[in-house]
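Report on the structure given below.
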Amino acid sequence: MEKLRGWGIAGHKAETIVQHLVDTRFIDDSRYARAFVSDKYRYARWGRIKIIQALRLKRIDRDLIDEALAEEIDDETYIANLCALLRAKCRTIGMAETEPDHIARQKLIRFAAGRGYEPSLIMELVRDPDYWMDSDGTD
């Protein structure tokens with residue numbers, strides 16, 4: 001409706017256009033939520049928290065968000081994404097072959113939280129670097 005108003009189309013004509021777009025599923029919050037989750041999860045490697053916040057800002061219904069997350073996110077790949085992010089972050093903070101020290105752990109935790117991963121999952125993985133860090137400390 002905002003776009004149509006910007007183009008000088010308002011009232012009944014705008015409502016008719018929007019209704020047609022909804023009827024033909026061109027405008028479909030469920031489809032949009034699934035595509036958004038898929039994109040941010042697979043390519044941007046966002047965590048669930050960040051995805052949920054972004055969709056809420058776009059005024060997507062919470063039930064549709066939950067449905068999209070359940071359909072699109074595979075737990076095994078989700079954890080693998082976080083492990084890959086932690087390994088990459090280790091390289092940028094200069095941590096190579098050693099177990100992360102206190103400061104490095106804090107940096108990893110803040111980084112993963114900023115990417116939208118759940119604190120409990122972050123803490124579980126950061127506590128056990130053998131799980132996500134290769135034996136030589138690299139990818």
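Note that the numbering runs from 1 along the sequence shown for the chain.
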Not counting sequence neighbours, which residues clear side-chain contact (heavy atoms from CB on, under 4.5 Å) with A35? List them please. none

Got a second to check how far R127's CZ is from I109's CD1, nearest 0.5 Å? 8.0 Å

Separation between NZ of K40 and CD of E72, rounded to the nearest 0.5 Å: 14.0 Å

Can you name the residues that form a side chain to side chain donor-acceptor pair (under 3.5 Å) with D63, not counting sequence neighbours? none

Spatial distance of atom OG1 (T24) from atom CD (Q19) [nearest 0.5 Å]: 9.5 Å

Partner set under salt bridge (Lys or Arg N to Asp or Glu O under 4.0 Å) for R25, not counting sequence neighbours: D28

Contacts of L57 that satisfy side-chain contact (heavy atoms from CB on, under 4.5 Å) - sequence neighbours left out: none

Sequence neighbours left out, what passes salt bridge (Lys or Arg N to Asp or Glu O under 4.0 Å) with R56? Give chain and number order. none

Which one of I51, N81, I52 satisfies the side chain to side chain contact (heavy atoms under 4.5 Å, CB included) criterion with W46? I51

Can you list the residues that meet the side-chain contact (heavy atoms from CB on, under 4.5 Å) rule with Q53, with sequence neighbours excluded? I49

With sequence neighbours left out, write down each residue that passes side-chain contact (heavy atoms from CB on, under 4.5 Å) with I79, or none if nothing qualifies. C83, L121, L125, Y131

With rounding to the nearest 0.5 Å, note down the distance linking OG1 in T16 to CG in L21. 11.0 Å

Donor on one side chain, acceptor on other, R34 and S38, under 3.5 Å: no

In a table with atom names and distances, give each donor-acceptor pair under 3.5 Å that connects a side chain of residues 111-120 to protein atoms at least two apart or in another chain.
from : atom 1 : to  : atom 2 : distance (Å)
R115 : NH2    : A44 : O      : 2.3
Y117 : OH     : R45 : O      : 3.0
E118 : OE1    : Y78 : OH     : 2.7
E118 : OE2    : R48 : NH1    : 3.4
E118 : OE2    : Y78 : OH     : 3.2

If the condition is side chain to side chain donor-acceptor pair (under 3.5 Å), which residues does R5 pass it with, not counting sequence neighbours? none

D29: partners by side chain to side chain donor-acceptor pair (under 3.5 Å), with sequence neighbours left out: none

Residues in side chain to side chain donor-acceptor pair (under 3.5 Å) contact with Q106, at least two apart in sequence or another chain: H102

For F26, is there any backbone N or O sitting under 3.5 Å from a side-chain donor or acceptor partner on R31? yes

With a 3.5 Å cut-off and sequence neighbours excluded, list the donor-acceptor pairs that the side chains of residues 64-71 form with protein atoms.
from : atom 1 : to  : atom 2 : distance (Å)
D66  : OD1    : R62 : NE     : 2.8
D66  : OD1    : R62 : NH2    : 3.3
D66  : OD2    : R62 : NE     : 3.4

Trace of the side chain to side chain contact (heavy atoms under 4.5 Å, CB included) decision for I27 with Y32: CA-CA 8 Å; I27 296 176; Y32 177 79; over 6 Å; no

Residues I93, I103; criterion side chain to side chain contact (heavy atoms under 4.5 Å, CB included); working and verdict: CA-CA 10 Å; I93 61 176; I103 293 171; over 6 Å; no

